[in-house]
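Below, chains carry the letters A, B, ... as their sequence lines are ordered, and counting in each starts from 1. Heavy-atom basis, side chains included; hydrogens, waters and symmetry copies ignored.
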Number of protein chains: 2
Amino acid sequence: MTKATGIASRLSKAGYRLTPQRIMILDAIEGASGHISAEEIYQKIKALYPGLNISTVYRTMELLKETGMVTETDMGDGRVRFHSVGHEHHHHLVCSRCGAVIDLDEAVLAPLTTLLTEKFGFSADLKHLAIFGHCKDCDR
Amino acid sequence: MTKATGIASRLSKAGYRLTPQRIMILDAIEGASGHISAEEIYQKIKALYPGLNISTVYRTMELLKETGMVTETDMGDGRVRFHSVGHEHHHHLVCSRCGAVIDLDEAVLAPLTTLLTEKFGFSADLKHLAIFGHCKDCDR
DNA sequence: TTTCGTGCAAACCCTTTGCATTTGC
DNA sequence: GCAAATGCAAAGGGTTTGCACGAAA
């Protein structure tokens with residue numbers, strides 16, 4: 001039913017089949033404002049298409065990571081979040097006390113990235129880093 | 001049998017009982033060169049004291065985190081690592097491809113920490129950060 | 001003695017996997 | 001038609017929890 005969107009066609013070009021499940025999952029990630037967990041993707045789609053199984057979500061995420069269409073972030077709560085690569089990169093300051101999340105522009109970490117490359121030949125993948133600490137309200 | 005060391009006595013001062021299990025766990029963490037997982041602590045102690053249960057390790061780690069004697073790092077492999085706060089802080093560059101871990105001095109991140117404080121009033125807890133990316137050997 | 005900590009076993013949560021069936025190409 | 005993808009159900013790995021017994025203070 002759904003027409004292959006740009007990002008979906010990238011999938012088929014990469015040699016993967018375009019199944020309705022994959023298209024819906026892709027849509028869900030695209031539509032998400034930011035990070036989204038496997039469970040959230042699953043629930044979102046299940047409302048429209050109850051047949052979906054969560055293992056399909058996980059398998060699709062695996063594939064999208066391999067294709068470089070999605071990245072993974074560990075926000076420290078025991079479940080991984082996914083993020084479409086198309087979206088602008090940003091980072092998060094996560095308050096360990098109240099759970100507040102402050103968005104952080106990519107530019108803030110640019111100097112660090114440069115330094116790591118120059119000094120260690122290490123290309124940091126800081127697409128969606130989560131930095132833990134205390135926000136100003138929770139700072140004793 | 002073991003005498004309460006400095007760090008162990010901090011525990012009792014905080015109102016917690018000094019059990020042999022806790023002392024052994026404390027020793028294991030102190031003795032560890034760097035990060036150590038719950039399972040590793042457990043195995044290390046089990047050799048001498050087979051009665052130990054891993055749930056005790058987890059409960060003790062919880063308590064040590066609350067007391068601020070230990071910090072937690074997620075190295076991205078699905079299990080959390082612990083680190084004695086007494087040890088000098090350092091960071092890790094983790095290669096997502098080959099798994100290599102490069103140690104990074106705390107000073108490297110100092111400018112970033114300062115910036116986050118000044119700009120966002122956020123006090124980052126960068127005691128043991130893991131930065132993912134590719135090391136120079138794996139960089140295509 | 002009283003409260004706190006431990007061992008044990010089972011539960012939990014997120015994620016992965018084997019297998020038979022279905023489906024895209 | 002055939003290989004690849006899905007659904008289902010069960011397993012897996014790390015971590016947590018309820019409960020009765022045992023031990024620190």
Are side-chain heavy atoms of [X] and [Y] found at a separation under 4.5 Å?
X: T60(A); Y: Q21(A); result: no
X: E118(B); Y: T114(B); result: yes
X: L64(B); Y: F82(B); result: no
X: M24(A); Y: L48(A); result: no
X: R81(A); Y: E40(A); result: yes

Go through the structure and list residues passing salt bridge (charged side-chain N to carboxylate O under 4.0 Å, His left out) with K46(A), not counting sequence neighbours. none
Let me know the distance between [atom1] of [X] and [atom2] of [N], rounded to the nearest Å.
X: E72(A); N: dT16(C); atom1: CD; atom2: C1'; result: 13 Å
X: M61(A); N: dT6(D); atom1: CE; atom2: P; result: 13 Å
X: E40(B); N: dT15(D); atom1: CD; atom2: C1'; result: 16 Å
X: K65(A); N: dT15(C); atom1: NZ; atom2: P; result: 9 Å
X: M24(B); N: dA23(D); atom1: CE; atom2: C1'; result: 14 Å
X: Y42(A); N: dC13(C); atom1: OH; atom2: P; result: 15 Å
X: L11(B); N: dA24(D); atom1: CG; atom2: C1'; result: 13 Å
X: R79(B); N: dT16(D); atom1: CZ; atom2: P; result: 14 Å

How sharply is the helix from dT1(C)-dA25(D) to dC25(C)-dG1(D) bent, taking the axes over five pairs at either end and rounding to 10 degrees? 30°
Quick check on K65(B): does its NZ atom have over 12 non-hydrogen neighbours (other residues, nucleotides or ligands) under 6.0 Å away? yes
From I45(A) atom CD1 to I54(A) atom CD1, the distance as rounded to the nearest 0.5 Å: 10.0 Å
Carboxylate-amine/guanidinium contact E39(B) R79(B), below 4.0 Å: no
Respond yes when some side-chain nitrogen or oxygen of Y58(B) is under 4.0 Å from OP1 or OP2 of dT15(D), and no when none is. yes
Nucleic acid footprint by protein, nucleotides 2-12 of chain C - heavy-atom cut-off 4.0 Å, B for base, S for sugar-phosphate alone: -BBSBBB----
